Structure formats: C-alpha cells, structure tokens
Amino acid sequence: MPSLFPEPSEPRVVESPKNTASWISAHCDGGARGNPGPAGYGALIQDEAGLVLAELSEFLGLRTNNYAEYSGLLGCLQWALDNGYKNLRVVSDSELMVKQIQGKYKVNSPDLRPLWEEARRRIAQLDGFQISHALRHKNKDADRLANEAMDRGMKRPRAAGEAAPTPRATPYPSKSTAPSQPSSLGGVQESPGVASPASASQKPPAGMLRGFTRDGVVHLLGSASLPDGIFVKIVPE
C-alpha cells in the first residue's frame, strides 16, 4: 500500500553565480620621456558609484612606453587582489596592450612577453575581468598620475593642481662661452682663436636636445647623440 506521505526529496543545491560581488574600475596609463627614457605609470581606481578608492603613481626608471603601460595594468591587478576585489574593469589608452591582453594581437617582443604572462596570471585569480581601449583625452587622471611619477623620478616637483610640464626649448648660444677643457683632465688645451679639430669639423645638431643627469653623467633622451669634442650648455629644468 503506498504511503500517504511522499518520500522527502533530495535538497537542491544552487550554486552561487560568479561575479555577484561589486565591480571596480581602473583607468591606467604609462609613459616614458624618450623611448626608452624616464618612465612611470599612474592609475585611478573607483567603485561602482564613482568613489575614488586609490590613486597609483610609480616611477619605473629608464623604461619604454610599452613597459610602462603594462606596469600600469599590473599595478591595478595587484591592487585589486591585495584588497579583496574579484571583479575589475580596466580602461587604457594603449591599444597595443589592450589587444594583446584580449588575444587579438600576438606578443612578439621578448621584453613584453614576461609582463603579458604575469598579467594573465593575475587576471586568472579574479572572478571577472574586462579591459577596453579609450583615447587619451578620456584617460586624463591616469595620465596626470603617470606624469607625476615621472616628475618625482626626475626630481621635478610640481605644485598641487599644476598641469604636467611641457618640454622647454632653450636655444643654443650663438657663440660658445664654455672654457676649454683643462689638460689635467685629459682634454686638449685650445689656443685663443684656434678651433679644435672636433669643433672645426663637427657641428652640434640643430635644435634643443633634452636629457637628464644620473651620477654626474648626462643621458640624452630618445635617439639623440653628440659627436666628441662638442661643448654643451646645461640648463636645469
């Protein structure tokens, strides 16, 4: 005779879907003054309501633009992991990096490959991740923070709220007033009115060259170079 009471059914287990936690967003940027040159990255991290959670700004030393862009992404990923956020949206103005992370571009550079692999490793620790490309004018806060990092690394502090500095061009003097190098330092002593072989045969390139000093040595930015024997005028910025 069948029972009047049905057998109890097995309890139904409902798995909690992923990505139920709140998302945070990060605008990141990286740059180098010269390629390679003094580099830094910056990032602005916000919650869903637009509240700023963190500002990241780090000087990277002498690096390339692409290295700095990847460093910005890695900084955002690490901040999210360290602070317990599992869903992250990233906006960057580096089309190369964005499409490499999305798998649309191959990573052929041996310098970028380890950075790409580390980014993928950190992304795998999140529940949700999105990355998109934006034009630079929509990434102003991250650009500002990246420039502040480069300023600090180059010992060029700015007042709060001051815009990122633009390169200043100082024209070469029409006539060099630099003294000749003393012979005690291994230089060739020049006689008045007699041009040295270097100055007679080689002229400095036109325009203003920019660089920075480290341990008393001047490093030119970009691919600029000067022939031996040229006197230079250094103007601190």
Side-chain angles (χ1 to χ4, degrees), residues 27-44 55-76 92-101 105 107-116 118-119 133-159 162-173 178 198 202-237:
H27 283 73
C28 66
D29 189 28
R33 294 171 181 169
N35 200 22
Y41 78 81
L44 182 75
E55 290 185 345
L56 311 181
S57 181
E58 183 176 348
F59 181 66
L60 301 170
L62 296 181
R63 297 292 185 178
T64 64
N65 289 321
N66 289 332
Y67 183 100
E69 296 282 11
Y70 263 98
S71 297
L73 171 61
L74 290 172
C76 294
S92 169
D93 56 32
S94 171
E95 184 177 7
L96 174 70
M97 182 191 73
V98 169
K99 291 193 174 181
Q100 285 180 339
I101 293 295
Y105 286 174
V107 186
N108 296 320
S109 169
D111 295 327
L112 297 184
R113 185 78 187 185
L115 302 175
W116 177 84
E118 178 61 22
H133 174 254
L135 298 179
R136 183 172 296 274
H137 72 274
K138 293 185 178 181
N139 212 28
K140 289 182 178 179
D141 287 319
D143 178 72
R144 170 181 57 82
L145 292 166
N147 274 286
E148 288 177 359
M150 287 180 272
D151 286 346
R152 288 195 307 273
M154 297 174 69
K155 310 300 183 188
R156 293 168 54 190
R158 301 203 314 271
E162 182 183 353
T166 55
R168 293 185 299 166
T170 303
Y172 283 101
Q202 302 181 40
K203 296 181 179 180
M208 178 66 183
L209 300 180
R210 300 185 67 245
F212 65 99
T213 59
R214 172 174 288 178
D215 298 329
V217 178
V218 177
H219 300 270
L220 296 179
L221 298 180
S223 58
S225 62
L226 286 172
D228 293 337
I230 294 295
F231 289 99
V232 298
K233 179 180 180 180
I234 299 175
V235 180
E237 294 185 346

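Computed from a predicted structure; not experimentally measured. When a residue number appears, it is its place in the shown sequence, counting from 1.
- Here the closest non-hydrogen pair linking Y41 and A149 is O-CB, 3.9 Å.
- Each of R144, E148, R152 was compared with S57 under the side chain to side chain donor-acceptor pair (under 3.5 Å) criterion, and only R152 meets it.
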Could you walk me through whether Q100 and Y105 pass side chain to side chain donor-acceptor pair (under 3.5 Å), step by step?
CA-CA 5 Å; Q100 285 180 339; Y105 286 174; over 6 Å; no
Apply side chain to side chain contact (heavy atoms under 4.5 Å, CB included) to E69 and S92, showing your working.
CA-CA 8 Å; E69 296 282 11; S92 169; 3.9 Å; yes
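- Put simply, the side chain of N147 gets close to the backbone of D143: a donor and an acceptor are under 3.5 Å apart.
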M154 and R33: CA distance, side-chain angles, deciding distance, side chain to side chain contact (heavy atoms under 4.5 Å, CB included) verdict:
CA-CA 10 Å; M154 297 174 69; R33 294 171 181 169; 3.5 Å; yes
Could you list the donor-acceptor pairs under 3.5 angstrom formed between side-chain atoms of residues 61-68 and any protein atom two or more places apart in sequence or on another chain?
| from | atom 1 | to | atom 2 | distance (Å) |
| --- | --- | --- | --- | --- |
| T64 | OG1 | Y67 | N | 3.1 |
| N65 | OD1 | A32 | N | 2.7 |

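- For the residue pair M97 and L73, the shortest heavy atom distance occurs at SD-CB, 3.8 Å.
- Closest heavy-atom contact between A119 and I101: CB-CD1, 3.9 Å.
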Walk me through whether D29 and L145 qualify under side chain to side chain contact (heavy atoms under 4.5 Å, CB included).
CA-CA 8 Å; D29 189 28; L145 292 166; over 6 Å; no
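- Annotation: salt bridge (charged side-chain N to carboxylate O under 4.0 Å, His left out) contacts of E118 (sequence neighbours excluded): R121, R122.
- With sequence neighbours excluded, no residue forms a salt bridge (charged side-chain N to carboxylate O under 4.0 Å, His left out) with K140.
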